[in-house]
Amino acid sequence: MDEAPISIQEAKDPSKQGNEVTLRGWIYRTRGSNRMLFLVLRDSTDIIQCVASREDLGEERFISARELPVESAIVVKGRINMDDRAPGGFEVHLKEILTISKADRFPITKDHSEEFLRENRHLWLRSRKMNAIMKVRSTVTGAIHEFFRREGYHEFTPPIFTPNQAEGGSTLFEVKYYDRTIYLSQTWQLYAEAAIFSLERIYDVSPTFRAERSKTSRHLSEFWMAEMEAAWMDYLEAVSVAEREVKFIIEKVLERNMKELEILEAEPERLRSAISAKWPVITYTEALGILKERSGMDVEWGKDLRTVEEEELMKHFDTPITVVEYPKEAMAFYKPVKEEADAPGPVAKCFDMIAPGGYGEIVGGSERDTDAASLEEALKREGEDVRKYDWYLDLRRYGSVQHSGYGLGVERVLAWICKLDNIKDAIPFPRTMTRAYP
RNA sequence: GCCGCAGUAGCUUAGCUGGUUAGAGCGUACGGCUGUUAACCGUAAGGUCGUCGGUUCGAAUCCGCCCUGCGGCGCCA
């Protein structure tokens with residue numbers, strides 16, 4: 001076969017109809033009789049039905065083609081045409097089939113459990129579903145870079161090995177680091193705060209590790225977080241950056257991945273209407289009011305919103321909402337108190353963006369405490385060794401300024417966009433408390 | 001850390017108030033079929049019923065430990 005292969009997507013272009021094309025890929029399905037053979041061919045772009053008759057190929061080649069198992073790699077040549085009888089509406093009449101690699105029996109067949117597919121994730125990546133999700137994922141992370149670069153941010157890469165913890169009471173993965181123990185990063189924040197005094201506005205898309213013993217459809221032990229940190233910015237401005245960022249991500253997905261959203265049955269209309277609306281920003285105290293008045297749910301002021309409360313609250317909204325100013329008590333050490341807040345107790349200058357549809361928190365952020373003394377006190381209160389944070393406290397000693405930042409959970413956003421049942425499908429090889437294979 | 005669900009052929013499963021040789025579909029092998037849509041028809045191979053122990057004349061089935069996986073709470077993105 002001398003002609004250069006083209007993609008299945010290219011072959012379906014109207015200008016190619018009636019032409020002879022060379023395609024290459026993997027056998028996705030086979031069907032046939034003793035006269036006719038149907039191969040559905042798959043490449044990264046699409047699938048297409050190829051048809052061959054015994055006469056067209058000749059006895060010997062017909063028989064050997066009929067024996068090719070699913071997932072065999074082949075190159076084919078034939079004439080492409082639109083045909084209503086073919087699934088997808090296009091069909092290639094084969095003249096030649098070149099076997100590149102005959103597959104063993106493929107373990108994934110018609111019936112499969114979630115568990116089996118996770119055990120065979122390395123092969124399940126070939127499915128239309130995972131193919132579509134990974135394409136949307138690529139758009140999402142690309143859009144994050146695009147968004148922040150357009151807004152004048154610099155990409156800043158934090159260390160993954162870190163000696164400190166950053167979130168109070170957090171669970172970190174310990175790593176043997178030569179002859180001592182350090183941790184895998186669970187946020188870039190402390191390092192980002194160092195960098196803004198040089199770059200002012202920065203962002204990253206990095207892996208994050210949390211040893212939380214959470215076994216839910218919303219948690220991963222290793223996930224990707226897209227964070228930003230900006231000098232001279234208060235937390236409410238950060239909220240509006242987050243809203244614009246998430247809307248930008250969705251716009252790009254709607255622009256580039258309609259086919260994938262269709263394969264995933266992701267109901268893109270729900271996204272389209274979400275991005276055309278203004279997303280509500282309410283305080284924690286107001287959220288409790290909504291829960292009481294509209295859901296008859298009494299929550300004691302001062303308690304963090306739990307999953308039940310969050311889900312109940314989101315029943316009243318069909319876009320993401322941002323809840324600001326949580327009680328200081330429940331928050332990490334670096335989140336400063338907002339003075340003169342209309343609330344029963346001290347609240348922090350912080351926020352969470354919650355997605356509709358039970359996807360939970362997709363963004364969490366805050367303004368950062370700029371005062372060395374109050375940070376030191378907060379660290380001591382949490383039983384931290386202040387000496388380890390000396391470099392961090394230095395940042396408040398040399399020209400401290402108001403600054404804010406947040407982290408966006410890439411897989412949470414992707415799960416919402418793709419309408420996935422489980423966040424484990426939003427990442428190619430999920431790592432959870434009970435799974436680190438394959 | 002707490003609570004719950006599940007483990008039977010390569011895969012998906014039925015059987016589970018104990019009782020003959022543990023049934024089926026998909027896949028596989030072989031044969032058939034003039035266009036299939038994760039086709040259809042026929043034949044066949046394929047099972048120490050997660051592990052260990054207990055109850056019983058008898059355990060896939062009842063009980064206990066353990067292993068593995070899954071989900072929910074808490075916590076978080």
Side-chain angles (χ1 to χ4, degrees), chain A residues 27-40 47-55 66-67 69-70 83-89 91 93 104-120 123 127-128 166-172 186-189 205-227 242 246 303-311 330-332 351-355 358-365 406-416 421-424 426-427 430 432-435 437:
Chain A
I27 297 176
Y28 185 64
R29 302 274 185 264
T30 60
R31 294 177 285 269
S33 67
N34 67 350
R35 259 207 61 173
M36 303 291 289
L37 171 66
F38 301 91
L39 297 177
V40 179
I47 60 175
I48 192 166
Q49 173 160 290
C50 301
V51 58
S53 66
R54 196 179 275 257
E55 292 106 67
R66 207 170 55 167
E67 282 170 358
V70 162
D83 194 317
D84 289 340
R85 293 172 298 182
E91 191 169 76
H93 277 81
D104 286 354
R105 184 187 60 77
F106 198 61
I108 299 173
T109 58
K110 181 178 151 196
D111 297 308
H112 41 240
S113 61
E114 292 289 314
E115 185 184 338
F116 184 75
L117 295 181
R118 280 181 205 154
E119 197 69 19
N120 291 280
L123 301 175
S127 66
R128 298 202 88 198
E167 310 263 345
S170 51
T171 34
L172 296 114
Q186 55 171 4
T187 171
W188 80 331
Q189 191 193 316
V205 184
S206 300
T208 293
F209 306 89
R210 301 218 176 152
E212 290 157 0
R213 304 181 84 79
S214 304
K215 291 168 285 182
T216 79
S217 55
R218 300 181 308 282
H219 288 88
L220 293 165
S221 303
E222 175 185 299
F223 64 97
W224 286 69
M225 193 145 73
E227 296 172 280
V246 177
K303 302 253 172 174
D304 204 354
L305 291 182
R306 296 174 306 164
T307 308
V308 258
E309 284 108 27
E310 233 174 66
E311 281 181 2
M331 294 295 120
F351 62 96
D352 280 346
M353 185 184 287
I354 309 168
Y359 290 96
E361 296 171 30
I362 53 174
V363 173
Y406 64 81
L408 173 150
V410 171
E411 289 78 13
R412 290 250 177 110
V413 169
L414 195 56
W416 172 48
D421 294 334
N422 198 308
I423 199 167
K424 293 173 190 71
I427 191 163
T432 66
M433 204 171 98
T434 50
R435 178 174 293 286
Y437 176 93

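Since the structure is predicted, the reported quantities are computational estimates derived from the model, not experimental observations. When reading the values below, keep in mind they use all heavy atoms of this one structure, side chains included, and skip hydrogens, waters and symmetry mates.
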Can you tell me if the side-chain N/O atoms of Arg118(A) get under 4.0 Å from OP1 or OP2 in C70(B)?
yes

At under 4.0 Å, does any side-chain N or O of Thr307(A) touch on OP1 or OP2 of G74(B)?
yes

Which string of ( ) [ ] | and . matches RNA chain B, if you list each base 5' to 3' and count Watson-Crick or G-U pairs only when both distances are under 3.5 Å?
(((((((..((((.....[...)))).(((((.......))))).....(.(((..]....))).))))))))....

Contact under 4.0 Å: Asn120(A) side-chain N or O vs G10(B) OP1/OP2:
no

At under 4.0 Å, does any side-chain N or O of Arg210(A) touch on OP1 or OP2 of C76(B)?
no

Using a cut-off of 4.0 Å on non-hydrogen atoms, how would the nucleic acid contact of Glu212(A) be classed: base, sugar-phosphate, or nothing?
base

Go through the N and O atoms of the side chain of Asp111(A) and the base of G25(B), and report whether any donor-acceptor pair is under 3.5 Å.
yes

Using only heavy-atom distances, decide whether a donor-acceptor pair under 3.5 angstrom links the side-chain of His219(A) to the base of C76(B).
yes

So, OP1 or OP2 of C70(B): does either fall under 4.0 Å of a side-chain N or O from Arg435(A)?
yes

Neighbour count >12 (heavy atoms, 6.0 Å) for atom CD, Glu114(A)
no

Within this structure, what is the CE-to-P distance between Met433(A) and C76(B), rounded to whole angstrom?
17 Å

Would you mind building the protein contact string for nucleotides 30-36 of chain B? One character per nucleotide, 5' to 3', B for base within reach (heavy atoms under 4.0 Å), S for sugar-phosphate only, - for untouched.
---BBBB

Is it the case that C76(B) (base atoms only) and Arg213(A) (side chain only) share a donor and an acceptor within less than 3.5 Å, ignoring hydrogens and angles?
no

When you measure from the side chain of Arg213(A) to the backbone N and O of Met433(A), does any donor-acceptor pair fall under 3.5 Å?
no

G71(B) OP1/OP2 closer than 4.0 Å to side-chain N/O of Lys424(A):
yes

Within the modelled atom types, does a donor on one side and an acceptor on the other bring the side chain of Ser214(A) and the base of C76(B) under 3.5 Å apart?
no

Closer than 4.0 Å, any side-chain N/O of Arg29(A) to the OP1 or OP2 of C26(B)?
no

Between Glu411(A) and Trp224(A), is there a donor-acceptor pair closer than 3.5 Å when you use the side chain of the first and the backbone of the second?
yes

For a quick test of reading the model: is some side-chain N or O of Ser113(A) closer than 4.0 Å to OP1 or OP2 of U12(B)?
yes

